[in-house]
> 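Can you read through this structure? Questions will come right after.
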Amino acid sequence: MGLKFAKMHGLGNDFMVVDAISQSFAPDAQTVRRLADRHFGVGFDQLLLVEKPTREDVLFRYRIFNADGSEVQNCGNGARCFARFVYDRGLTDQREIPVETAAGKLVLYIEDDGWVRVNMGQPRFAPHALPFDVPTEQARYDLEVLGQTVEIGAVSLGNPHAMLRVSSVNDAPVEQLGPAIESHPQFPERVNVGFAEVVDRQHVKLRVYERGAGETLACGTGATAAMVMLRRWGLVDDEVTVSLPGGDLRIRWSGDPQEPVWMSGPAEWVFTGELCDAN
Ligand SMILES: N[C@H](CCC[C@H](N)C(=O)O)C(=O)O
């Protein structure tokens, strides 16, 4: 009997989801990379593990691995799929699902319309939270990259995000600046890179070059980070639709750094499978 898994996605950001409570599965980075391969493996942007919690105030531990094998602190689209998975599979009958991540506690809510709402916690702007090697915290930073100076915002949602404002996401230099900023020396743990176009105060278009996965069709923490930084820059209101190539997310934040950010969006099942024993 090989490892059973589900293939799910949040707006095309796709995941292999494994119940690692009823199955023994603790993959190393090489195994994750092999399973992530879209020809030799299952194929995914991230692997999500459902594990027993290590703290009392949550129902599950939620672990996330990028396609390059790196374990990371948060994944917004993955959190919605995680909630769908544990509820639909009967691992919980609660529709308010507190989970433990490497970045702390998230609370996932399954809504009547099938969407999932996530309390993403408070945004953290302090450079050390990303980490980002700059002397002081600023609302905007000038970053030297590929021989040019680009203006970015920087925020942690448990995982690190840099964001640039662009006039058009369609023309954004994602292929050039994405990898260059992702691995910029001032981001010692690398960084996710968002390219945001402000349509109006309630609508943003976004593309994200993800740390450890490349450009994805959607990024939940990236959409959250973009809204938060644009709200801090005074360019959007408290409720924003973020349109990514794979679809829309709703992000809500009051602008108060002590207040949590809320992300709402869909989570879809695609198929279930079982690895052949050789894997
Ligand atoms: N690439 C991210 C993890 C996945 C985030 C993304 N898929 C989301 O929906 O938030 C990182 O290395 O921090």
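Just so you know, these numbers come straight off a predicted model, no measurement behind them. The figures here come from the full heavy-atom set of this structure, side chains too, leaving out hydrogens, waters and symmetry mates. Just follow the structure's listing: the first ligand is 1, and inside any ligand the first atom is 1.
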> Collect the protein residues that have a non-hydrogen atom under 4.0 Å from ligand 1 and hand them over in chain and number order.
N13, Q46, N66, V72, N74, C75, G76, N77, N159, N192, E210, R211, C219, G220, T221
> Hey, are D248 and S243 close enough side-chain-wise for a donor-acceptor pair under 3.5 Å?
yes
> Are N13 and D45 linked by a side-chain donor-acceptor pair shorter than 3.5 Å?
yes
> Under 6.0 Å between ring centres: does that hold for W115 and Y109?
no
> Ring-plane angle category for F85 and W269, please: parallel below 30°, perpendicular beyond 60°, tilted otherwise.
parallel
> Could R190 and E182 be called an ion pair, given the rule that one side-chain N must be under 4.0 Å from one carboxylate O?
yes
> Taking atom types as modelled, find out whether E259 and S254 have a side-chain donor-acceptor pair closer than 3.5 angstrom.
no
